[in-house]
Number of protein chains: 2
Amino acid sequence: MPRVTIKDVARAAQVSITTVSHVVNNTRFVDPATKQRVLTALEELGYQPNSLARSLRSGVTRTIGLVVPDASNLFFADVARKIEDIGFQQGYSVILCNSDNNPGKQSRYINTLLAKQVDGVIFISSGSEPDDLMRLVENNIPVVVADRDVPLELADVVLLDNEQAGYDATKHLINLGHRFIACITGPNHLAPSMQRFEGYKRCLKENGIDFDPKLIEMGDFRFPSGEEAMQRLLSSSSRATAVFVLNDMMAIGAMSAAHKAGLSIPKDISIIGFDDIEIDAAITPALTTMAQPIEEMAQYAMNLLIEHLVGKKHELNQRIILTSRLIKRDSTARWEE
Amino acid sequence: MPRVTIKDVARAAQVSITTVSHVVNNTRFVDPATKQRVLTALEELGYQPNSLARSLRSGVTRTIGLVVPDASNLFFADVARKIEDIGFQQGYSVILCNSDNNPGKQSRYINTLLAKQVDGVIFISSGSEPDDLMRLVENNIPVVVADRDVPLELADVVLLDNEQAGYDATKHLINLGHRFIACITGPNHLAPSMQRFEGYKRCLKENGIDFDPKLIEMGDFRFPSGEEAMQRLLSSSSRATAVFVLNDMMAIGAMSAAHKAGLSIPKDISIIGFDDIEIDAAITPALTTMAQPIEEMAQYAMNLLIEHLVGKKHELNQRIILTSRLIKRDSTARWEE
DNA sequence: CTGAAAGCGCTTACAG
DNA sequence: CTGAAAGCGCTTACAG
């Protein structure tokens with residue numbers, strides 16, 4: 001059975017398609033009796049407007065693209081979840097674009113979003129390709145960059161103050177009496193990793209602790225890399241009593257490595273993570289971490305985007321900087337020499 | 001700057017829009033010289049076809065809808081991830097529809113998918129509303145039901161043999177010497193929970209162990225409910241030595257409750273979960289679980305759907321039943337009285 | 001080898 | 001109070 005169109009409804013209700021359109025959209029007065037006939041026909045035929053036609057005509061799709069680097073990272077999964085939720089409330093669908101940290105895939109997805117005429121996009125960069133963003137901007141598609149800063153003037157941006165958060169995490173460890181504080185970083189081309197790491201170094205310096213490169217290991221923000229980085233740390237000659245892991249997924253991996261090495265957390269070694277994903281509170285010991293305000297971030301990103309979409313004026317290059325906060329749980333403890 | 005259309009390209013290349021369309025789609029022979037002119041114009045203007053117009057005309061959107069009950073459940077996040085991945089490879093975009101286990105939201109999302117003329121949908125039910133599916137089927141939209149069975153004749157279905165998996169999990173515990181085996185279930189209106197529970201009961205029976213209702217607690221498949229269920233279990237007069245938790249998220253919550261109660265896993269109590277989400281191997285102790293073949297499930301679902309989309313014939317009501325397998329890790333151990 | 005034209009299903013000035 | 005018609009940007013018979 002072919003789809004029912006506005007024409008079918010018009011025929012059934014004995015009116016023009018103009019009138020059907022107006023009652024469907026409630027966009028001009030229609031005589032109550034006529035309106036009722038149309039409503040009945042609509043109901044009986046089970047009419048469902050064709051968004052493609054509507055969008056083609058009106059230029060509005062009520063669809064936004066969400067580009068994330070890695071949907072298996074729980075942090076991004078949470079963000080995606082929130083964006084979807086807020087979008088739904090506002091009547092927007094979201095096309096999920098997982099770039100897999102792959103510039104080629106990201107680029108192809110941007111083409112798709114362009115072709116599908118999305119009204120806007122929320123963009124979490126997979127790295128260093130501002131070209132993709134430029135293509136969006138050139139096509140007048142508003143984009144809000146979230147989480148990972150990008151060298152582009154023409155987008156709004158909502159970020160965390162990662163440097164300060166890195167500082168605060170380190171400070172927590174220092175306050176607890178730690179002096180040998182290791183750090184497991186993410187890929188160093190990613191701004192969040194870099195900045196957290198900068199905060200770590202600044203904090204050491206301000207507290208008169210020498211920076212020791214032997215205490216630094218790099219991971220890729222995923223579980224296994226955290227485990228491996230921790231193993232390297234434990235088998236080296238360094239004697240860390242605490243480690244600041246730059247995201248929670250790696251922190252959980254690191255905890256696992258510590259356990260396997262027979263260490264007790266936090267008695268033998270303290271671990272602090274970053275993100276505050278839901279599972280942190282459920283594992284043992286519960287993970288101390290720097291919380292990212294995911295909901296707030298998603299909310300700001302969507303609000304900024306929607307302001308553009310409904311044409312409300314605001315500065316083109318608005319920057320919103322959110323702050324992280326320390327969530328003390330059970331994986332960090334006082335260190336007595 | 002307004003979007004560039006096929007008309008702009010035609011004008012620039014001095015040909016008809018017909019010809020431009022044909023070179024864009026490579027759909028009929030075009031004189032090499034002419035073709036080159038078009039290609040150049042395409043490039044210079046940065047032409048990007050408008051999918052809306054194309055889809056409206058051709059009736060094909062190369063977009064599928066993915067309806068999941070709860071995107072914050074890691075299992076569904078993984079499934080979504082895989083579907084997106086396979087879809088991308090085949091040239092399909094996916095619209096993420098998180099029903100939040102809310103029938104109203106699910107229903108509104110189905111409307112959206114209908115309006116957006118998706119080519120097909122992969123559907124993981126939030127419960128018991130076959131009406132939504134009927135609307136899809138009535139509009140000739142192929143749907144593949146995954147994970148949670150649904151009383152509908154007109155869809156393909158890819159499921160896990162949950163009953164057998166429940167049996168196998170329980171058998172593992174019995175083989176280890178356990179006789180007092182508790183079970184933390186999911187909502188009992190969900191087929192997977194029900195069926196796993198049936199398998200549990202069958203296994204007890206076949207092994208001459210009396211079913212004890214005091215050993216059963218219900219959760220909602222999320223972390224906190226697993227923790228709470230475990231607390232109830234521990235504070236009751238029952239004396240479980242092992243617990244079969246019907247998904248991993250709850251199992252992790254249950255482990256946390258056991259730890260907080262001062263129990264050591266698996267020495268004092270064994271725990272087996274269900275799903276095999278990525279984090280299972282990273283926590284301590286690593287969680288023994290029944291693995292769901294997520295990749296296989298996503299692959300079958302997409303293949304079935306795509307077969308429909310490209311018009312390949314196959315039975316309308318095809319049922320694919322996958323089997324789970326036991327992943328022994330460190331949260332279960334032999335019980336000596 | 002190429003183009004003029006119909007038509008996909010809508011919205012929306014314009015007219016009465 | 002309502003309708004005829006143009007047009008959104010494409011694809012695709014049809015014709016030459």
Side-chain angles (χ1 to χ4, degrees), chain A residues 1-39 41-42 45-63 111-112 114-119 139-140, chain B residues 1-39 41-42 45-63 111-112 114-119 139-140:
Chain A
M1 148 189 39
R3 288 190 53 104
V4 3
T5 74
I6 201 172
K7 248 180 178 159
D8 302 318
V9 178
R11 195 177 311 115
Q14 317 255 52
V15 295
S16 70
I17 64 165
T18 302
T19 295
V20 176
S21 175
H22 284 302
V23 348
V24 167
N25 299 299
N26 228 307
T27 175
R28 84 176 173 195
F29 182 84
V30 174
D31 178 88
T34 316
K35 187 168 183 173
Q36 192 49 57
R37 282 213 314 285
V38 175
L39 256 14
L42 247 19
L45 299 177
Y47 174 71
Q48 187 72 40
N50 181 329
S51 302
L52 297 175
R54 182 180 273 182
S55 297
L56 179 58
R57 183 57 230 256
S58 68
V60 170
T61 55
R62 294 199 81 82
T63 302
N111 284 345
T112 303
L114 244 21
K116 290 200 188 289
Q117 313 270 105
V118 293
D119 292 341
N139 283 276
N140 298 318
Chain B
M1 151 186 40
R3 287 189 53 106
V4 2
T5 73
I6 201 171
K7 247 177 176 163
D8 302 318
V9 179
R11 195 176 312 116
Q14 316 255 49
V15 295
S16 70
I17 63 165
T18 303
T19 296
V20 176
S21 175
H22 284 302
V23 349
V24 167
N25 299 300
N26 228 306
T27 175
R28 85 177 174 195
F29 182 84
V30 174
D31 177 88
T34 314
K35 187 168 184 173
Q36 192 48 58
R37 280 212 317 284
V38 175
L39 257 12
L42 248 18
L45 299 177
Y47 174 71
Q48 188 71 41
N50 181 329
S51 302
L52 296 175
R54 182 180 273 180
S55 297
L56 180 58
R57 185 54 231 255
S58 67
V60 170
T61 55
R62 293 199 81 82
T63 301
N111 285 345
T112 303
L114 244 22
K116 289 198 189 289
Q117 314 269 105
V118 293
D119 291 343
N139 283 277
N140 298 318

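Predicted model only: the values in this text are computed from it and were never measured. Throughout, protein chains are lettered first and strands after them, A, B, ... in sequence-line order, and every chain is numbered starting at 1.
Rounded to whole Å, atom C1' of dC8(D) lies 9 Å from atom CG of Leu56(B). In this structure, the CG atom of Asn50(B) is 12 Å from the P atom of dC8(D), given to the nearest Å. Leu52(B) has its CG atom 10 Å from the C1' atom of dC8(D), to the nearest Å. dT2(C) atom C1' lies 15 Å from atom NZ of Lys35(B), rounded to whole Å. Rounded to a whole Å, the CZ atom of Arg37(B) is 11 Å from the C1' atom of dT2(C). Protein atom CD of Gln14(B) is 20 Å distant from nucleotide atom P of dC1(C), rounded to whole Å. One interatomic measurement links the two molecules: CG of Asn26(A) to P of dC1(D), which rounds to 15 Å at whole-angstrom precision. For the pair Arg11(B) CZ and dC10(D) C1', the interatomic distance rounds to 16 Å; values are reported in whole Å.
Nearest heavy atoms, Ser55(B) versus Val60(B): OG-O, 2.9 Å. Of all heavy-atom pairs between Ala12(A) and Leu45(A), the closest is CB-CD1, 4.1 Å. For Tyr47(A) against Ile6(A), the heavy-atom pair with the smallest separation is CE1-N, 3.5 Å.
Thr18(A) places no side-chain N or O within donor-acceptor distance of the main-chain N or O of Ser16(A), the cut-off being under 3.5 Å. For the pair Thr63(B) (side chain) and Thr61(B) (backbone), a donor-acceptor distance under 3.5 Å is present. The backbone N or O of Ser51(B) sits nowhere less than 3.5 Å from a side-chain atom of Arg62(B) that would complete a donor-acceptor pair. Without hydrogens or angle criteria, Lys35(B) side chain to Phe29(B) main chain gives no donor-acceptor distance under 3.5 Å.
Asp8(A) is linked by a salt bridge (Lys or Arg N to Asp or Glu O under 4.0 Å) to Arg11(A), counting only residues two or more places apart in sequence or in another chain.
Side-chain N/O atoms of Thr19(B) include none lying less than 4.0 angstrom from OP1 or OP2 on dC1(C). Regarding contacts with the backbone of dG9(C), every side-chain N or O of Thr5(A) stays at 4.0 angstrom or more from both OP1 and OP2. Regarding contacts with the backbone of dA4(D), every side-chain N or O of Ser16(A) stays at 4.0 angstrom or more from both OP1 and OP2.
Stems are defined here as 3 or more consecutive Watson-Crick or G-U wobble pairs with pairing distances under 3.5 Å; those involving DNA chain C are C:1-3 with D:14-16, C:5-12 with D:5-12, C:14-16 with D:1-3.
Side-chain contact check for Val15(B) versus His22(B): every heavy-atom pair is 4.5 Å or farther apart.
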Once each nucleotide of nucleotides 11-16 of chain C is scored for protein heavy atoms under 4.0 Å, what B/S/- sequence comes out, 5' to 3'? BB-B--

